[in-house]
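Positions are given from 1 along the sequence.
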Amino acid sequence: MKDQPLVTIVIPFFNCPYIPHAIQSALEQTYSSTEVIVVDDGSTVHTDLIHPYMPYIYYLGKQNGGTATALNHGIRYASGEYVVWLSSDDIIYPEKVAAQVRMMQETGASISHTNFNFIDEHGNVIQYRAGTSPMTRQEMLRMFLMGNPVNGCTVMFHKSIFQSVGLFDESLRYTHDYDLWNRVLLAGYSMPYITEPLTAYRRHQGMGTLRHGDAISQEISMIKAKYQDRIRAQS
């Protein structure tokens with residue numbers, strides 16, 4: 001790796017009992033030039049679980065507004081050249097940041113994503129390599145007409161991408177990631193993919209995709225309608 005640019009790992013947190021595992025995984029990266037920002041989105045429980053990590057992280061508090069608002073808050077305060085999003089109930093494997101920085105520097109990419117494993121509430125892997133297969137930009141555009149093939153917690157951004165396409169849409173409570181990926185692709189960016197699983201995505205009863213399925217479906221339909229004509233024109 002030609003240099004060690006700073007990478008900011010942003011962890012939105014709201015009443016999540018798994019937060020210590022997320023923070024620990026961020027602190028255990030083999031890549032040494034990192035900062036960890038935990039954005040407390042108005043939590044009322046489990047904040048005590050963060051206290052042991054306070055000397056090693058930046059802790060930002062805010063009123064509750066949803067994941068997109070917490071991500072944007074963290075991104076605005078990020079000092080890193082690159083930004084990683086890590087959900088408070090997921091973990092990243094030790095080589096994730098190093099592998100993505102290396103690949104993005106070699107390819108000149110402004111955004112990338114990786115494969116991932118599913119884990120259960122106890123941290124046991126229940127499905128290996130659960131992500132998509134490698135796709136060309138054109139194949140990804142066609143995939144986006146059907147749904148979201150990109151797991152947000154596998155993504156690394158160069159910070160300049162937010163200046164180009166904007167931050168997450170805070171009006172979208174659950175599908176802000178799908179919306180942003182559409183804007184990224186329509187702006188002409190490619191999203192290179194690392195086939196190695198470098199993130200563990202936790203399935204548990206409290207996860208939003210299980211509790212808010214109807215609202216998520218409505219938002220996805222709205223985003224598809226918003227972008228589908230432009231996506232088809234480019235694909």
Side-chain angles (χ1 to χ4, degrees), residues 7-29 34-78 83-94 96-97 113-114 116-127 130-131 148 150-157 167-170 172-178 180 197-216 219:
V7 176
T8 302
I9 302 170
V10 177
I11 307 177
F13 163 67
F14 178 69
N15 293 347
C16 179
Y18 300 105
I19 184 65
H21 304 284
I23 296 173
Q24 191 68 40
S25 75
L27 295 174
E28 289 178 348
Q29 292 299 295
T34 61
E35 66 175 7
V36 179
I37 297 178
V38 175
V39 182
D40 183 348
D41 190 35
S43 295
T44 56
V45 294
H46 301 309
T47 54
D48 58 307
L49 299 176
I50 301 175
H51 293 168
Y53 298 98
M54 286 298 195
Y56 314 107
I57 66 173
Y58 295 97
Y59 179 82
L60 304 177
K62 60 181 287 296
Q63 289 185 336
N64 180 254
T67 303
T69 68
L71 282 168
N72 288 346
H73 194 58
I75 291 164
R76 290 187 185 102
Y77 279 91
V83 176
V84 167
W85 162 17
L86 173 59
S87 291
S88 58
D89 50 358
D90 298 335
I91 60 174
I92 50 178
Y93 295 129
K96 180 188 192 293
V97 170
H113 64 124
T114 80
F116 64 95
N117 296 329
F118 277 119
I119 59 174
D120 64 16
E121 61 269 30
H122 306 295
N124 302 309
V125 176
I126 54 177
Q127 183 180 347
N148 183 7
V150 178
N151 183 316
C153 288
T154 73
V155 171
M156 179 180 284
F157 313 85
L167 293 167
F168 291 96
D169 184 340
E170 297 183 1
L172 297 169
R173 193 81 180 180
Y174 309 109
T175 58
H176 44 276
D177 54 342
Y178 183 38
L180 183 58
L198 297 173
T199 298
Y201 182 74
R202 193 184 304 270
R203 280 182 164 167
H204 58 94
Q205 289 303 309
M207 66 191 302
T209 50
L210 293 179
R211 293 186 293 119
H212 307 293
D214 290 343
I216 291 170
E219 285 189 5

Report task. Just do the side chain to side chain contact (heavy atoms under 4.5 Å, CB included) check on Gln29 and Ile9 with the steps written out, would you? Result -> CA-CA 10 Å; Gln29 292 299 295; Ile9 302 170; 4.3 Å; yes

Query - Smallest separation among heavy atoms of Pro12 and Leu71, with atom names - result: CG-CD2, 3.6 Å

Report task. Using a 4.5 Å cut-off on heavy atoms from C-beta on, say whether the side chain of Val155 contacts that of Trp85. Result -> no

**Report entry** Those residues that, when tested against Glu170, pass salt bridge (charged side-chain N to carboxylate O under 4.0 Å, His left out) (two or more places apart)
**Finding:** Arg76

Report summary line: Heavy-atom closest pair (Phe168 atom, Ala68 atom, distance to 0.1 Å) is CB-CB, 4.0 Å

Query raised in the report: Should His46 and Phe13 count as side-chain neighbours, where that means a heavy-atom distance under 4.5 Å?
Result: yes

**Report entry** Val10 side chain near Phe157 side chain, heavy-atom distance below 4.5 Å
**Finding:** no

Report task. Supply the atom-to-atom distance Asp89 CG to Tyr18 OH, rounded to the nearest 0.5 angstrom. Result -> 8.0 Å

Requested in this report: Report yes if some heavy atom in the side chain of Thr175 is under 4.5 Å from a heavy atom in the side chain of Ile216; otherwise report no.
Outcome: yes

Query raised in the report: To the nearest 0.5 Å, what is the distance between CG (Asp177) and NE2 (His113)?
Result: 12.5 Å

Query raised in the report: Got a sec: does the OH of Tyr58 have more than 12 other heavy atoms crowding it under 6.0 Å?
Result: no

Report summary line: Contacts of Asp90 meeting side-chain hydrogen bond (donor to acceptor under 3.5 Å, both in side chains) (sequence neighbours excluded), chain-then-number -> none

Report task. Please list, chain by chain and in numerical order, all residues satisfying side chain to side chain contact (heavy atoms under 4.5 Å, CB included) with Asn124, sequence neighbours excluded. Result -> Asp120, His122

Query raised in the report: Quick check: does any side chain N or O of Arg202 sit under 3.5 Å from a backbone N or O of Glu121, one acting as donor and the other as acceptor?
Result: yes

Query raised in the report: Going from OG1 on Thr34 to CD on Glu28, what distance comes out if it is rounded to the nearest 0.5 angstrom?
Result: 11.5 Å

Requested in this report: With sequence neighbours excluded, tell me which residues meet side chain to side chain contact (heavy atoms under 4.5 Å, CB included) with Pro20.
Outcome: Leu49, Tyr53

Report task. Quick one: pull up OH in Tyr93 and CD1 in Ile91 and give me the separation to the nearest 0.5 Å. Result -> 5.5 Å

Query raised in the report: What is the minimum heavy-atom distance between Ala22 and Leu86, and which atoms define it?
Result: O-CD2, 3.4 Å

**Report entry** Gap between atom OH of Tyr201 and atom CD1 of Ile126 - 0.5 Å precision
**Finding:** 11.0 Å

Query raised in the report: Is the closest side-chain donor-acceptor distance between Lys96 and Thr114 under 3.5 Å?
Result: no

Query - Any side-chain heavy-atom pair of Met54 and Ile50 under 4.5 Å - result: yes

Query raised in the report: Are side-chain heavy atoms of Asp41 and Thr67 found at a separation under 4.5 Å?
Result: no

Report summary line: Tyr56 meets the side chain to side chain contact (heavy atoms under 4.5 Å, CB included) criterion, sequence neighbours left out, with Leu27

Report summary line: OG1 (Thr47) and OH (Tyr59) are apart, to the nearest 0.5 Å, by 6.0 Å

Query raised in the report: By side chain to side chain contact (heavy atoms under 4.5 Å, CB included), which residues pair with Asn15, not counting sequence neighbours?
Result: Ser43, Thr44, Val45

